[in-house]
Structure formats: structure tokens, C-alpha cells
2 protein chains.
Amino acid sequence: MRVLPPSRRAIVSTTVSALDQMIHKLSGRSALTGEDKEAILSLPHTIRSYHAATYVVREGEPPPNHCSFIRSGFAVRQKITAQGARQIMSLHLVGDFIDLEHLFLNIADHNVQALTELEVVAIDRRALESLVLARPNIARALWIDALVDASIYREWVTNVGRRAAPARIAHVLCEVALRMQAAGVSTNGGFELPLTQEQLADAVGLTPVHVNRTLKALVADGILHRDKRYISFTDWNRTKEVADFNALYLHLEQAKPA
Amino acid sequence: MRVLPPSRRAIVSTTVSALDQMIHKLSGRSALTGEDKEAILSLPHTIRSYHAATYVVREGEPPPNHCSFIRSGFAVRQKITAQGARQIMSLHLVGDFIDLEHLFLNIADHNVQALTELEVVAIDRRALESLVLARPNIARALWIDALVDASIYREWVTNVGRRAAPARIAHVLCEVALRMQAAGVSTNGGFELPLTQEQLADAVGLTPVHVNRTLKALVADGILHRDKRYISFTDWNRTKEVADFNALYLHLEQAKPA
DNA sequence: CGGGCCCTTGAGGTAGCTCAATCCCAGTGG
DNA sequence: CCACTGGGATTGAGCTACCTCAAGGGCCCG
């Protein structure tokens, strides 16, 4: 059973404050005072669920009156070309904010789509904005979050622009592996890739067919193991080398308070 | 004469406060009070010059004690792959901050390199940080700046991942044209592209040879005119169509105060 | 007038694409 | 319990956009 059935998750969500998750995430980025935490806990918010494949944000739309972060499930940011090609430009998992840009930009420039069943905590935008503008620690934490997102986009430009198919695919797998571990979604034994091969293709700028063949080649070369969508690496160093992967850009160390 | 000789620029820089430029840029993004402006004007800063091709920021380095924005000239962000391929992930011109990430991240994840003779205003990092954390209007303006940068990266992922060579190249040209106009660096008649074909290739994830041939094809198809590096478009709508260009992602409208 | 960048161009090669079956398997209805 | 169905995953065969290598050509600058 790869994805928890909706019911298993739904039970928890209403009792434990969803905002504790936010406090946990942010305090990993900047030390928060008791007041900061109280301020966060009193943020007006609701919990929203989306089915897999649903659009959470649509390109061209004005910002809704809330900003969301993921409580459970996976989402992607993507755009669709005039010729109908889709490009995924980032993956998001538990604890990630998926539309911080709505805080200050007045129109959505890309789509955000649920990859699996998805639960988000939707925080009142005005309230979050004043928190950010009034509380330095919270501001710093959210800045870091946004800056790390930007760093990941830069790496993806490089990945898609300058790496050959095997490295390109391996690189995304490395990133997912590390981020899932960091978020506590997987152990270091391996992880369940929340993407179909077609979606993976859209993330690396290749064709599904070619992704399939390249994955097979990576397995044949002993770079990775695969059981359906469950991925594990034989030799992390070797994989990193093939992927030309350097975790620097994820700024995981930055997760320590300043 | 394509690039102003260093002397022509150097004369001005010491007399007019360099920070006026910053005020001008930021007040385009968020209304600033008199106090905000005074606070900006009293920021400790120095002016630095770099020759073309010099590295301003190096991947892996800890942040310097200042953040810079461009006073004149052009710069790029880039990374170099293990196999030695370079990918440029953004272009920067007058008024752009080139290392806002140094404000909150503790290590540089990419290189910033001067493309032409470059002058930057280097602002004391601590001072800027406290300004950002203390002054909502300034914070908002810088947030918008960072979020727009991120939006541009997303578009570039799409560009490099999903568009064919002609569209890919035309797309970057459209972006440069609009941004240069918005910054007052060019009129809408055309513009001097501050990139060699090799650098353009590194920006679009292609080979210099192929960029050359594709440019020729774009000219042959009447999509653009070219005189050395001076580019102009015959029919903006047609160019936009070929480039699959939608200016939304530049958030130029956002330049109006909230 | 000799380098040293760039830009151009030719010729041939290949990584990744397209089109089109086929297969696998979980879920569904009977 | 079994046939049926639909969304992935795989595989084959042929094609092309873009690459590599390599040789000029133009122009600025000392």
C-alpha cells in the first residue's frame, strides 16, 4: 500500500492544530519566541482537501484570500506551453508552502496541481502578511523558504538545460530522496516516488518513453533499484556522481536556526 | 559603440547618491514613506566595479558582508556542471539585486558573473537585513523583487525544458527586450543584446552553433532583425507568438504600488 | 599587420523523439 | 470468483532536432 488511504489521514486533521506543523517547519529555519508561536497559532485558517490531479492554483488567476501549506500529500508547480507541452518546475511535500507568491504578487504565473490526495492548511492571507511584516523571526523563516525554492528552480534550469537524460532523471530522484527524508516522509532505505513516468518526464523535460528506457538503463547499471514506483539507491555516492548531484542547493543545513 | 566605455559612467557615480537608484526601484514596488527613504539613504554602502567576465559571487562561498544591486552594466547567474557545461539561469540589468539570497542564506549556491563592465552598489548586509525586518514597505518591495526573480526561473525551466530552439531563443530575446525597456535601458525600437552567441546558448541550453543557425533562421523568417548584437523585432505580436511569450511572469504590472 | 575573439558554415553523428503496439495490473461489475 | 476496463509501463522501429568536430571569415585592438 503505497499511499495512505484518505480516511487514515482525515481522522487526525481536525484535532491536533494544523498550525503546529507550521511552527515546527518555521522554527527549523529561524528561532521563534513564545509570542511568535502564539501569533502563528492564532492565525485564521481552514483545512482544505483536493483529489489527485486537481488544480489548487491556476495561472492567470488573482490570488485567493489565503496562502496554503501542505499538511499531507504531494503537489507540483507546472506550466503548459502553447503547443500543449507541460513542464513541471517543482515538487512539493508536507510542510511546503505552495503559494507564498500570493502574499505579494497580484496574479498567479503558474499552476499548482495536486499529485496525490492533498490536504493543505489555508491561512488567511492578510493575517499572514501582517505577521510577516511585523515579526522578524517569522519573516526570516519565510524568506528562507522562498529563497530555497528559488535555489531549487535554478538547479532545475541547469538540470533540464545541461544534463543528459540519465543524470537529469537521477538528479530529480536524488532531490526527492533527500527532501522526503528531511521531511520525515521516508527512511533512507528508499522512497515511494509520487510521480507517474509521464509526470517525471514533464519534470525533466523528456518524453515518457525515453524516461522509461533511461530508468531501465539506470537499473541495469546498478544505479538504482525499482519496484513499481518504490525507488532505492544501491550506492548513494555513485548515484550522486551519475546525477551530478550536490545537495548544497537544497540548503538543508540552513534548517538550523541562525 | 555597443557598450559605454567605463569612463563615461564613472564620472556620475560618486556625485549622485547611488541609493537614490534603489529608492526609485523599490518605490516602484511598494509605496515608501519619507522615513523609509531616509532609512535607505543612510544605509552604509560602497560602489564596486567589475570587469567583464569577473565573478561577483562564487558557488560554495559564504555570503560577503554586503548585498549588491546593479548600478550599471549586465550580469548573469550561472552554474557549471560536473562535465563542464555552463547554464545561465538569469540575466540582470540596472536596478536588479544580484545577491538578495545572501540576506538570509548562509552559502552561495550559484555563481554571479559580470557580463560587461559592471558597477554595483554594495550595501551592508546587516543594515539591509534590519531594514527589511523593521520596515514593512521596504520588506514588501524586496519580497516582490525576490518573488519575481523566482517567477522568471520558473519560466526558464519551462523554456529550456519544453520549447524548441527557435521559440527558446526568441523567448529570451522577448524577455530581454521588455526588461530593458522597463528599466529604461532601451527604447522599443530594439536593443543591444549583452550576450555573445555562446552565452546565449548557455542561457537556452543549446549549442553555440545551433544558436547561430537558429538566429539566422529567425531572421530569414522575418521574425527579427539583427545588426551584430543589435536586435529588433519586425512584428512584436508575431515574435511573441513564435516565442510562446506571455509577459505575465515578469509581473511588470506589479511595479505599481500596492 | 598579427592576434584573438566571435561569428559562420559544412558534414556527419546521435540522443532523444514519434508513432503505435502490447502488456500489466488494480479496480469494478456481474 | 471471473471477465472487463482503463491507466500506466514497456517495447519496437524509424526519424529528426540538435550535437560534434573542424575549418574559415570578419573585425577590433595593440
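All heavy atoms count here, side chains included; hydrogens, waters and symmetry mates do not. Below, read A as the first sequence line, B as the second, and so on, with proteins coming before strands; counting in each chain starts at 1.
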Is it true that a side-chain atom of Thr81(B) and a backbone atom of Gln83(B) form a donor plus acceptor pair closer than 3.5 Å?
-> no

Starting at NE2 of His210(B) and ending at P of dT16(D), how long is that distance when rounded to a whole Å?
-> 15 Å

Cationic N near anionic O, under 4.0 Å, Glu101(A) to Arg77(A) = yes

Do Asn212(B) and Gln197(B) have a side chain donor and acceptor closer than 3.5 Å?
-> yes

Base of dG10(C) paired with side chain of Arg213(B) (donor-acceptor, under 3.5 Å) | yes

How long is the line joining CZ of Arg168(B) and C1' of dC19(D), in whole Å?
-> 13 Å

Would you classify Thr196(B) as touching base, sugar-phosphate or nothing, given that sugar-phosphate means primed atoms plus P, OP1 and OP2, and contacts are heavy atoms under 4.0 Å?
-> sugar-phosphate

To the nearest Å, how far apart are Lys228(B) NZ and dG25(D) C1'?
-> 12 Å

Roughly, in whole Å, what's the span from CG in Leu218(A) to P in dG16(C)?
-> 12 Å

Whole-Å distance separating the CG atom of Leu195(B) from the C1' atom of dC5(C) = 16 Å

Ring geometry between Phe233(A) and Phe191(A) (parallel below 30°, tilted from 30 to 60°, perpendicular above 60°) | tilted

Go through the side-chain N and O atoms of Glu59(B) and Tyr249(A) and say whether any donor and acceptor fall under 3.5 Å apart.
-> no

Are any of Thr214(B)'s side-chain N or O atoms less than 4.0 Å away from OP1 or OP2 of dC18(D)?
-> no

With nearest nucleotides of DNA chain D determined for Pro166(B) and Lys216(A) from heavy-atom distances, which residue corresponds to the more 5′ nucleotide?
-> Lys216(A)

Send over the distance from Gln83(A) CD to dC17(C) P, rounded to a whole Å.
-> 15 Å

Given atom NE2 of His51(A) and atom P of dG7(D), what is their separation to the nearest angstrom?
-> 17 Å

Please check the phosphate of dG7(D) (OP1 and OP2 only) for any side-chain N or O of Gln197(A) closer than 4.0 Å.
-> no

Closest listed nucleotide, where the reference is the side chain of Ala165(B) and the choices are dA20(C), dC21(D), dC18(D) = dC18(D)

Would you indicate, yes or no, if dT10(D) has its OP1 or OP2 atom less than 4.0 angstrom from a side-chain nitrogen or oxygen of Asn212(A)?
-> yes

So what does Arg226(B) touch, heavy atoms closer than 4.0 Å: a base, only the sugar-phosphate, or nothing?
-> sugar-phosphate

Taken to the nearest whole Å, CD/Glu198(A) to P/dG6(D) is 17 Å

Verify the contact: side-chain N or O of Arg229(B) to OP1 or OP2 of dC7(C), cut-off strictly under 4.0 Å; return yes or no.
-> yes

